[in-house]
There are 2 protein chains.
Amino acid sequence: MLFKIDAETSTRPAGRIRQKNESIILRAAEIEFASSGYKGASMNDIAQRAGLPKANIHYYFKNKLGLYMAVISDIIALWDSTLNAITPEDDPGEVLSRYIARKVCFSVENPLASRIFAAELVNGAPNMKEYFREDYAQWFRGRTDVFGAWVSQGKIDPEVTPEHLIFLLWSSTQHYADFAVQIKAALGKDELDEQDYLNATATLTHIILKGCGISR
Amino acid sequence: MLFKIDAETSTRPAGRIRQKNESIILRAAEIEFASSGYKGASMNDIAQRAGLPKANIHYYFKNKLGLYMAVISDIIALWDSTLNAITPEDDPGEVLSRYIARKVCFSVENPLASRIFAAELVNGAPNMKEYFREDYAQWFRGRTDVFGAWVSQGKIDPEVTPEHLIFLLWSSTQHYADFAVQIKAALGKDELDEQDYLNATATLTHIILKGCGISR
DNA sequence: GTCTATACTTCGATAGAC
DNA sequence: GTCTATCGAAGTATAGAC
């Protein structure tokens, strides 16, 4: 996503340079924002990481907020697509286990994106107000309706409130990216390995599916 | 916790003033740090919220980091006490449901503390390194051992990895404080009410207990 | 398009009068 | 113990030469 290959030929080398530099800057910015927060990250550090003079960043991006929003919008584009294509006819067991596996996987492969998103939300999402407008509640309602249908069909226990099941899916999977420091400290490891993530996925899948009354 | 009442009489009024002002400053700092992060919060804003000149804060606290650490240590003191007193002889169903209820409740009543803690972790916990030392892994190991004993006794399904069950408890309950903005936007509400938290607790308790194979 | 040098602002921290 | 005035560092942003 951050490394789109320019399809143009050398007829407009300027555009090629621009795209290449923009992606270099975005990647450096992603790292800095993720590890220091919006205010904590400095244009200086971002420029240094990108290997460019500070002024170049201002040439490509209007200002610090503009750069941050560019990073954020890349992240949003990656986000909730995972829950988009579900219908009442789908098998809830399949949908849930696939979602859990994907999201844990995503947390492992894109920890920076996850953390920037988390930091933004923890601070009250000051730069994502328009993302969380009414259509967001509508979109969410569309998802809970599907889960509600499954409850009506007896495929999920009636004790389960669809809204809170979705929150549980979000929280339990993101946790592995956002709170990685605490998890590593608890497990006494410097890095988590493949087996840890398999255990995580297996345990989450077992508890959530069985807990919803979904037989597999 | 932040509002300890001074037990002393008027023999040392100075101490009374100090404690009162320190608690006022700590409370203001908690609000600012929670909504802007460590770097994002400014001593100026904290002073203004506390209704004191900026220099007074430096009189009571060594520097910005010292103030932040004072806030953090208050929060840590509140933290993991909930899981401390469990033994293999306890009933896992009771322990888990009590833990979930308490932690959701805590998230509602202390959202600021939860968010400061979360922001610190998301950014790699640069100021909590010594909290996450070896004894933390030991403490954690003590907790998982109890859960492991329950698994051996057949009280919890063997598919459940104790470590990841604890991570699930942490993530699912904290989520209601840390990601409150997203939850409110999804539900289309300005504030969550009593019923929302009851639904959250009920759904989480049902899924996690049943998912662990705990019959009640 | 690139980069140096610099203007402008904010912030943390302290000196020193009261 | 309180508060004003100020210093120095760091950060964002831009002007202008190349």
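Just so it is clear, the model here is predicted, and its values are computed rather than measured. We use all heavy atoms of the structure for the numbers below, so side chains are in, but hydrogens, waters and symmetry mates are not. Below, read A as the first sequence line, B as the second, and so on, with proteins coming before strands; counting in each chain starts at 1.
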To the nearest 0.5 Å, what is the distance between [atom1] on [X] and [atom2] on [Y]?
X: A/Gln174; Y: B/Ser171; atom1: CD; atom2: OG; result: 10.0 Å
X: A/Ile25; Y: A/Ile46; atom1: CD1; atom2: CD1; result: 9.5 Å
X: A/Phe147; Y: A/His164; atom1: CZ; atom2: NE2; result: 13.5 Å

Distance, rounded to the nearest Å, where [X] contributes [atom1] and [N] contributes [atom2]:
X: B/Gln48; N: D/dC3; atom1: CD; atom2: P; value: 14 Å
X: A/Phe61; N: D/dT14; atom1: CZ; atom2: P; value: 15 Å
X: B/Asn56; N: D/dC3; atom1: CG; atom2: P; value: 5 Å
X: B/Ile46; N: C/dT10; atom1: CD1; atom2: C1'; value: 15 Å
X: B/Ile25; N: D/dG1; atom1: CD1; atom2: P; value: 11 Å
X: A/Leu52; N: C/dT2; atom1: CG; atom2: C1'; value: 9 Å
X: A/Tyr59; N: C/dC3; atom1: OH; atom2: P; value: 12 Å

Using a cut-off of under 3.5 Å, enumerate the N/O to N/O pairs linking the protein to nucleotides 11-14 of chain C.
from: C/dG12; atom 1: OP1; to: B/Ala41; atom 2: O; distance (Å): 3.3
from: C/dG12; atom 1: OP1; to: B/Met43; atom 2: N; distance (Å): 3.4
from: C/dG12; atom 1: OP1; to: B/Lys64; atom 2: NZ; distance (Å): 2.8
from: C/dG12; atom 1: OP2; to: B/Met43; atom 2: N; distance (Å): 2.7
from: C/dG12; atom 1: N7; to: B/Lys54; atom 2: NZ; distance (Å): 3.3
from: C/dA13; atom 1: OP2; to: B/His58; atom 2: NE2; distance (Å): 3.2
from: C/dA13; atom 1: OP2; to: B/Lys64; atom 2: N; distance (Å): 2.9
from: C/dA13; atom 1: N6; to: B/Lys54; atom 2: NZ; distance (Å): 2.8

- [ ] Decide, yes or no, whether a salt bridge links A/Asp45 with A/Arg49 under the criterion of side-chain N to carboxylate O below 4.0 Å.
- [x] no
TODO: Pick base, sugar-phosphate or nothing for A/Tyr60, based on heavy-atom distances below 4.0 Å to the nucleic acid.
DONE: sugar-phosphate
Open item on the list: Applying ring pair (Phe, Tyr, Trp, His ring centres under 6.0 Å), can you list everything that pairs with B/Phe140, at least two apart in sequence or on another chain?
Closed with: B/Phe167, B/Trp170
- [ ] Answer whether the closest heavy-atom distance between the side chains of A/Phe117 and A/Met128 falls below 4.5 Å.
- [x] yes
